[in-house]
*Asks:* 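Here you go, one structure.
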There are 2 protein chains.
Amino acid sequence: MILKSQVEWALHCCAILAGLPPGRYLSTKALAELHGLPKEYLSKALQSLSQASLVETTLGPSGGYRLARSPSEINFLDIVEAVEGKSRTFTCSNIRANNPCRPKDFCDSKPCSVARIMWQADEAWRNTLKSVSLADLVDTLSEDVPADIWKNTFEWVLQRAG
Amino acid sequence: MILKSQVEWALHCCAILAGLPPGRYLSTKALAELHGLPKEYLSKALQSLSQASLVETTLGPSGGYRLARSPSEINFLDIVEAVEGKSRTFTCSNIRANNPCRPKDFCDSKPCSVARIMWQADEAWRNTLKSVSLADLVDTLSEDVPADIWKNTFEWVLQRAG
DNA sequence: CATTTGCGGATATATATTGTCCTTAATAAA
DNA sequence: TTTATTAAGGACAATATATATCCGCAAATG
Ligand code: FES
Ligand code: FES
């Protein structure tokens with residue numbers, strides 16, 4: 001089990017969009033070039049963000065993407081679920097029902113204990129993702145990324161932002 | 001991203017093995033029949049448990065599997081990692097290095113902030129799995145599963161255990 | 001010796017991920 | 001108005017992973 005590479009792409013793209021001045025847009029082309037990614041396929045990830053209402057778009061030259069909410073109101077879980085979907089990482093196929101010792105019309109009242117525990121772990125994962133906002137990420141990045149690279153990157157971005 | 005169905009299989013098989021009297025073995029055939037699973041493919045999951053030293057095996061008629069440790073000394077994470085592998089669910093392909101604004105010989109001192117946060121969530125998932133033992137599972141199951149089905153199941157198992 | 005068992009390799013099939021190509025409609029700039 | 005640029009999305013192909021089956025081997029049992 002491994003998350004799609006699009007998750008890494010989407011998170012990094014959102015981090016860039018979070019640093020964009022209000023009202024400006026950044027295109028798929030610029031985001032793809034900045035991260036060295038296949039433009040057409042990155043576009044699918046950005047469409048997922050759009051369908052999840054995390055970003056807004058506009059068409060035409062100088063068009064592209066911008067965040068639909070403030071960075072403090074978007075968290076990691078929002079972005080991960082936009083790309084990966086909201087379904088749980090453990091799926092129960094109810095193999096307990098195949099037990100030959102069970103009456104064949106027996107109906108379970110609760111989900112299986114095994115599944116419940118797996119889902120608790122899934123919840124812990126989601127809660128951690130939910131606890132970190134895009135604003136938190138930008139704070140951490142601006143500490144970790146060397147100041148000159150950070151500065152150059154946003155100059156590069158602003159030259160291409162519509 | 002979704003866990004393999006073998007995870008569900010392995011957890012249920014371990015729960016059965018945990019209820020086996022000391023010294024007895026249960027075969028792949030019996031475990032497959034009990035859970036309604038393809039014997040040959042379930043065998044692969046059990047081999048994973050064996051390679052992880054969670055179970056011991058013996059050959060020949062009356063052979064099969066038993067736990068290598070007491071149920072209180074085996075947790076969910078042991079079993080999940082035996083089947084799914086120990087690698088993290090988020091992999092960083094270091095797309096930050098493709099940033100055209102970076103000196104091309106620049107070397108990062110830390111893992112990317114994005115990856116660190118994703119790995120924290122992964123840790124939270126693993127910690128939850130680690131906190132539940134097979135003994136805990138058996139306790140929960142014996143409360144949830146109706147007493148007569150529970151009893152019949154272990155009679156069925158004991159008839160087939162070598 | 002005959003049977004049963006776990007183990008591992010080889011192989012086949014189904015599904016998911018990754019990636020490309022193309023058309024369409026909207027938008028902005030020339 | 002014309003032209004260029006953009007996001008959206010459908011169709012498709014390539015690749016990787018998950019699921020599943022089959023076979024031969026060596027060990028254990030009786
Ligand atoms: S039957 Fe699906 S987890 Fe128990
Ligand atoms: S470069 Fe991989 S997560 Fe940031």
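The basis for the numbers below is simple: all heavy atoms, side chains too, and nothing from hydrogens, waters or symmetry mates. Proteins get letters first, then strands, A, B, ... in listed order; numbering begins at 1 in each.
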*Asks:* Distance check: side-chain N/O of B:Tyr41 vs OP1/OP2 of C:dG8, anything under 4.0 Å?
*Replies:*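 No, outside the criterion.
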*Asks:* 5'-most contact on DNA chain D: A:Gly64 or A:Met1, nearest heavy atom basis?
*Replies:*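 By nearest-heavy-atom nucleotide position, the 5'-most residue is A:Gly64.
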*Asks:* Give a yes/no on whether any side-chain N or O of A:Gln6 is located under 4.0 angstrom from OP1 or OP2 of C:dT18.
*Replies:*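 No.
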*Asks:* May I have the distance from B:Leu42 (atom CG) to D:dA20 (atom P), rounded to whole angstrom?
*Replies:*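 From B:Leu42 CG to D:dA20 P: 11 Å.
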*Asks:* Can you measure A:Lys4 atom NZ to C:dG19 atom C1' for me and round it to whole angstrom units?
*Replies:*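 Taking NZ of A:Lys4 and C1' of C:dG19, I get 13 Å after rounding.
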*Asks:* What's the closest nucleotide to the B:Leu59 side chain, out of D:dA27, C:dA28, D:dT6?
*Replies:*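 Looking only at side-chain atoms, B:Leu59 lies closest to D:dA27.
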*Asks:* Which residue lies toward the 5' end of DNA chain D, A:Gln51 or B:Ser5, if each is placed at its nearest nucleotide?
*Replies:*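 Taking each residue's closest nucleotide, the earlier one in sequence belongs to A:Gln51.
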*Asks:* Any side-chain N or O of A:Ser62 below 4.0 angstrom from OP1/OP2 of D:dT6?
*Replies:*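 It does not, given that no N or O in the side chain of A:Ser62 lies less than 4.0 Å from OP1 or OP2 of D:dT6.
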*Asks:* To the side chain of B:Pro38, which of C:dG19, D:dA20, C:dG6 is closest?
*Replies:*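 Nearest listed nucleotide: D:dA20.
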*Asks:* Select one nucleotide: of D:dA8, C:dC22, C:dG6, the one nearest the side-chain heavy atoms of A:Glu40.
*Replies:*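 The answer is C:dC22, which lies nearest to the side chain.
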*Asks:* Check this one for me: any side-chain N or O of A:Thr58 less than 4.0 Å away from OP1 or OP2 of C:dT27?
*Replies:*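 Looking at the OP1 and OP2 atoms of C:dT27, neither is under 4.0 Å from any side-chain N or O of A:Thr58.
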*Asks:* Would you please confirm or rule out a distance under 4.0 Å between OP1 or OP2 of D:dA7 and any side-chain N or O of A:Ser50?
*Replies:*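 False: A:Ser50 side-chain N/O out of range (4.0 Å or more) of D:dA7 OP1/OP2.
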*Asks:* Check salt bridge (charged side-chain N to carboxylate O under 4.0 Å, His left out) between A:Arg66 and all other residues, then give those that pass, not counting sequence neighbours.
*Replies:*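 A:Glu56.
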*Asks:* How far apart are the closest heavy atoms of A:Asn75 and A:Leu129, and which atoms are they?
*Replies:*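 Distance-wise, the nearest heavy atoms are CB-O, 4.0 Å.
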*Asks:* Stepwise, does the salt bridge (Lys or Arg N to Asp or Glu O under 4.0 Å) test hold for B:Glu155 with B:Lys151?
*Replies:* CA-CA 6 Å; B:Glu155 281 171 6; B:Lys151 181 169 157 289; 3.3 Å; yes
*Asks:* In this structure, how many angstroms lie between the P atom of D:dT19 and the CG atom of B:Leu3, rounded?
*Replies:*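 These atoms are roughly 10 Å apart.
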*Asks:* Could you measure the distance from the CG atom of B:Leu54 to the CG atom of B:Leu46? Nearest 0.5 Å is fine.
*Replies:*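 Going from CG on B:Leu54 over to CG on B:Leu46, the span is 11.0 Å.
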*Asks:* Applying the 4.5 Å side-chain criterion to the ILVMFWY set and letting contacts propagate, would B:Val145 and B:Leu31 be lumped into a single cluster?
*Replies:*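 They do share one cluster, since a chain of ILVMFWY contacts under 4.5 Å joins B:Val145 to B:Leu31.
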*Asks:* Could you measure the distance from the CD1 atom of A:Ile79 to the CG atom of A:Leu134? Nearest 0.5 Å is fine.
*Replies:*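 Reported value, rounded in 0.5 Å steps: 4.5 Å.
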*Asks:* In whole Å, I'd like the distance from the CG atom of A:Leu49 to the C1' atom of D:dG9.
*Replies:*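 After rounding, the reported distance stands at 16 Å.
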*Asks:* Just checking A:Ser43: base, sugar-phosphate only, or nothing, at a heavy-atom cut-off of under 4.0 Å?
*Replies:*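 Counting heavy atoms under 4.0 Å across all strands, no contact is made by A:Ser43.
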*Asks:* For A:Arg24 and C:dA28, what is the distance between atoms CZ and P respectively, to the nearest whole Å?
*Replies:*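 Spelled out: CZ on A:Arg24 to P on C:dA28 is 14 Å.
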*Asks:* In whole angstrom, what separates B:Lys29's NZ from C:dC7's P?
*Replies:*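 Those two atoms, NZ and P, are 18 Å apart.
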*Asks:* Return whichever of A:Gly60 or A:Lys39 has its heavy-atom-nearest nucleotide of DNA chain C closer to the 5' end.
*Replies:*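 Per heavy-atom nearest nucleotide, the more 5' residue is A:Lys39.
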*Asks:* Hey, does B:Tyr25 reach any base, or is it just sugar-phosphate, or nothing, if we go heavy atoms under 4.0 Å?
*Replies:*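 Since no nucleic acid heavy atom lies under 4.0 Å of B:Tyr25, the category is nothing.
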*Asks:* Under 4.0 Å, heavy atoms only, any strand: does B:Glu84 hit a base, just the sugar-phosphate, or nothing?
*Replies:*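 If one applies the 4.0 Å heavy-atom cut-off, B:Glu84 turns out to touch nothing in the nucleic acid.
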*Asks:* How many Å lie between CG on B:Leu46 and P on C:dC7, as a whole number?
*Replies:*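 Checked: the CG to P distance equals 8 Å.
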*Asks:* For A:Ile95 and D:dT19, give me the distance from atom CD1 to atom P, rounded to whole Å.
*Replies:*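 After rounding, the reported distance stands at 13 Å.
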*Asks:* Classify the side chain of A:Lys44 versus the base of D:dG10 as yes if they form a donor-acceptor pair under 3.5 Å and no if they do not.
*Replies:*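 Answer yes: a donor N or O sits under 3.5 Å from an acceptor.
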*Asks:* Reading DNA chain C from 5' onward, which residue's closest nucleotide shows up sooner: B:Thr57 or B:Ile2?
*Replies:*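 Upstream on the strand: B:Thr57.
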*Asks:* For A:Gly162, report the nucleic acid contact type (base, sugar-phosphate, nothing); a contact means any heavy atom under 4.0 Å.
*Replies:*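 Result for A:Gly162 = nothing.
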